[in-house]
> 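Here it is, the structure in full.
Counting starts at 1 for both ligands and their atoms, in listed order. All figures in this text were calculated on a predicted structure; none of them were measured in a lab.
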Amino acid sequence: MSVETHVHQRRPYRGSHIATRLVGPMTIVALVVALAVLWVAARPAGPAGTFIGQLLGAEAVLLLSLGLVLISTLRWVEQYFDGVDKAAVWHRRVAIVGTALIGVHIATASNPNPTNLGPTFGTIGIVGLAALTLWAIAPRWRSITPRPLRTAILRLMQTPAASSVGRWIGGYGLWRGFHRTTGLFLAVGFAHGLMDATTFGSPLLRWSYVAIGGVGLAFYVYRELLARHVTPLHDYVVSSVEPIDASSVEIWLRPLGRRFAFRPGQFAFVNLEAKDGWHRHPFTIASGPAEDEVRITVRAVGDFTSSIGDLVEPGMPAVISSPKGHFDYCRGTERQIWVAGGIGVAPMLSWLRSARPGQLPHRVDFFYTARGPAPLADEVAHIAGHHDELHLHLVDTTTDPRLTVPDLLGASGGQPEEVSAFLCGPEAMVTALQRDLVRAGVKPANVHREYYNLR
Ligand SMILES: Cc1cc2nc3c(=O)[nH]c(=O)nc-3n(C[C@H](O)[C@H](O)[C@H](O)COP(=O)(O)OP(=O)(O)OC[C@H]3O[C@@H](n4cnc5c(N)ncnc54)[C@H](O)[C@@H]3O)c2cc1C
């Protein structure tokens, strides 16, 4: 087993990422406040209720336009929001709030003399946006449903009719295909505003509305029509597909041309041509940047990943798009806690496979937890043996209790305010540990997590 010796210069911790993490969300808040101030300052004569309703409609267009900017896949947007995964989280948040605001807008805004088509456009817009939003958040229904209602909903979902509908709409591919029509529904809702708003006697309000909706729709057109032609793509071929255990495989990809450059811990959209056609999924690059071949470790969770070992064979083509993500231990303090759950070890594998002895922070406690034997645990332990500062804690939850924050901080031994944590694994585990670390005194900006679910 070889240990990568890629020179990956570690930057000293300066805390500059704190600003990076806040700047995106604060910009959203600032734009929402600025629009409200503009509307109040330029308010034309008319009833207050209608004015507020139309202001909420304009705020909804702003939020939904920002949602389209956030999902545009442009590199600078990703950097502004500290990674495409965080941009996806904010995309979801602004879309949910924007759609909810349209509900209030419908109840409060009124135009006694609407145009012929305006109200129809408005109805198409809100029905489409509401349906797409509900569909997007459906897999997380538990987190938004009050506890007493959950059992009843679960029972309903277990009926044969509901479960066959659930299987149909639960598929990621179908959902994503429809989700890409979001911009079309925003466009008709936006047109409804232009046609029927009574406040647009004010040129300032009209043109700011046009600019906001126009920007959102321009980003949508870019994403849907242009992005695929300008995104750098790297041609690879599958060189091997190795089973790691019963539910995960490691896929090796050999470059056909220029090698794909990335930072350890980043992920990329990997297009694989399998026996049943092309599949495009985000995977963390688990190899080190200096290795000739790119490695990804894949866990069976859904339709494609469950049959990847049968569908993908050596010799099949693969295309990797540009690297994304900011999950990088170099952004942490000198005392770090890493937690990987199962296949969430992938970014840590890339870090370890590329770090030279003496290059890691002063002390790293690496908790690697899995139910049963952890994937590639032998290699992780072997590499850990080359780093005095790395303390590996393997946790098998079939026999050991689940990790808690006192376990993490106790092993690390540092003051919570000195510690940085890097978490990657099942969403529930990562969310609970993130919350408890902050409660225990770790600075929120020092808790870094990788989102493995962009929906
Ligand atoms: C940043 C990031 C890094 C990831 N790294 C790894 C990794 O190193 N190893 C690993 O095993 N898994 C990784 N995943 C998860 C992996 O992308 C999904 O498990 C995989 O896409 C599931 O595909 P499926 O067809 O088997 O599942 P499906 O049944 O189609 O979907 C299951 C769930 O996977 C997600 N998903 C499916 N297709 C996509 C897609 N094209 N784009 C985005 N999300 C999708 C959705 O949340 C969906 O609900 C990563 C995900 C993200 C967001």
> With heavy-atom distances below 4.0 Å as the criterion, list the atoms of ligand 1 near Val298.
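Matching atoms, with element in brackets: 11 (O).
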
> Out of Tyr452, Phe304, Phe269, which one pairs with His281 under the ring pair (Phe, Tyr, Trp, His ring centres under 6.0 Å) rule?
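When Tyr452, Phe304, Phe269 are each tested with His281, the ring pair (Phe, Tyr, Trp, His ring centres under 6.0 Å) holds only for Phe304.
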
> Give the atoms of ligand 1, by number and element, whose distance to some non-hydrogen atom of Phe267 is under 4.0 Å.
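The list of qualifying atoms is 1 (C).
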
> Which ligand 1 atoms does Arg299 reach within 4.0 Å, using its non-hydrogen atoms?
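So the answer, numbered in order with elements, is 10 (C), 11 (O).
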
> In ligand 1, which numbered atoms sit nearer than 4.0 Å to a non-hydrogen atom of Ala346?
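Listed by number with element: 8 (O).
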
> Out of Pro375, Gly302, Gly325, Ser350, whose heavy atom sits nearest atom 27 (O) of ligand 1?
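Among Pro375, Gly302, Gly325, Ser350, the closest heavy atom to atom 27 (O) of ligand 1 belongs to Gly302.
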
> Tell me if the aromatic rings of Phe422 and Phe327 count as close, with their centers under 6.0 Å from one another.
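Ring centres of Phe327 and Phe422 closer than 6.0 Å.
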
> Is the positively charged end of Arg449 above the ring of Tyr451, judged by distance under 6.0 angstrom from the centroid and angle within 45° of the axis?
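Yes, cation above the ring, under 6.0 Å and within 45°.
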
> Quick one: which ligand 1 atoms are inside 4.0 Å of a heavy atom on Val301?
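Heavy-atom distances to Val301 below 4.0 Å select 19 (O), 22 (C).
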
> Does Ile296 have a non-hydrogen atom less than 4.0 Å from ligand 1?
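Ile296 does not count as a contact of ligand 1 under the 4.0 Å cut-off.
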
> Counting heavy atoms only, name the option from Trp175, Tyr451, Phe304, Phe283 that's nearest to atom 25 (O) of ligand 1.
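Going through Trp175, Tyr451, Phe304, Phe283 one by one, Phe304 has the nearest heavy atom to atom 25 (O) of ligand 1.
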
> Enumerate the atoms of ligand 1 whose separation from the nearest heavy atom of Thr297 is less than 4.0 angstrom.
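Near Thr297, the atoms of ligand 1 are 7 (C), 8 (O), 9 (N), 10 (C), 11 (O).
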
> Any carboxylate oxygen within less than 4.0 angstrom of a Lys/Arg side-chain nitrogen, looking at Arg363 and Glu334?
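A salt bridge is absent here (no side-chain N lies under 4.0 Å from a carboxylate O).
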
> Would you say ligand 1 has an N or O under 3.5 Å from any N or O of Arg176?
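No: no nitrogen or oxygen of Arg176 is under 3.5 Å from one in ligand 1.
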
> Does ligand 1 have any atom that is closer than 4.0 Å to a heavy atom of Asp85?
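Asp85: no contact with ligand 1 (<4.0 Å).
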
> Under 4.0 Å between a side-chain nitrogen and a carboxylate oxygen: does that hold for Lys86 and Glu78?
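Not counted as a salt bridge, because no side-chain N and carboxylate O are separated by less than 4.0 Å.
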
> Could Arg254 and Asp292 be called an ion pair, given the rule that one side-chain N must be under 4.0 Å from one carboxylate O?
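Between Asp292 and Arg254 there is no salt bridge, as every charged N stays at least 4.0 Å from the carboxylate O atoms.
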
> Check ligand 1 against Arg280 and write out every atom of the ligand that is under 4.0 Å from a heavy-atom position of the residue.
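So the answer, numbered in order with elements, is 40 (C), 41 (N).
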
> For the residue pair Phe367 and His393, does the interplanar ring angle fall in the parallel (under 30°), tilted (30 to 60°) or perpendicular (over 60°) class?
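Aromatic pair Phe367/His393 classed parallel.
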
> Report the residue from Ser247, Ser306, Ser248 that forms a side-chain hydrogen bond (donor to acceptor under 3.5 Å, both in side chains) with Arg299.
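Running side-chain hydrogen bond (donor to acceptor under 3.5 Å, both in side chains) over Ser247, Ser306, Ser248 with Arg299 returns exactly one hit, Ser247.
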
> Out of curiosity, Ile285 CD1 to Ile320 CD1, how far, rounded to the nearest 0.5 Å?
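Ile285 CD1 to Ile320 CD1: 5.0 Å, rounded to 0.5 Å.
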
> My understanding is that we take every heavy atom of each candidate and find the minimum distance to atom 50 (C) of ligand 1. Doing that for Gly342, Ala300, Pro282, which one comes out nearest?
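Going through Gly342, Ala300, Pro282 one by one, Pro282 has the nearest heavy atom to atom 50 (C) of ligand 1.
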
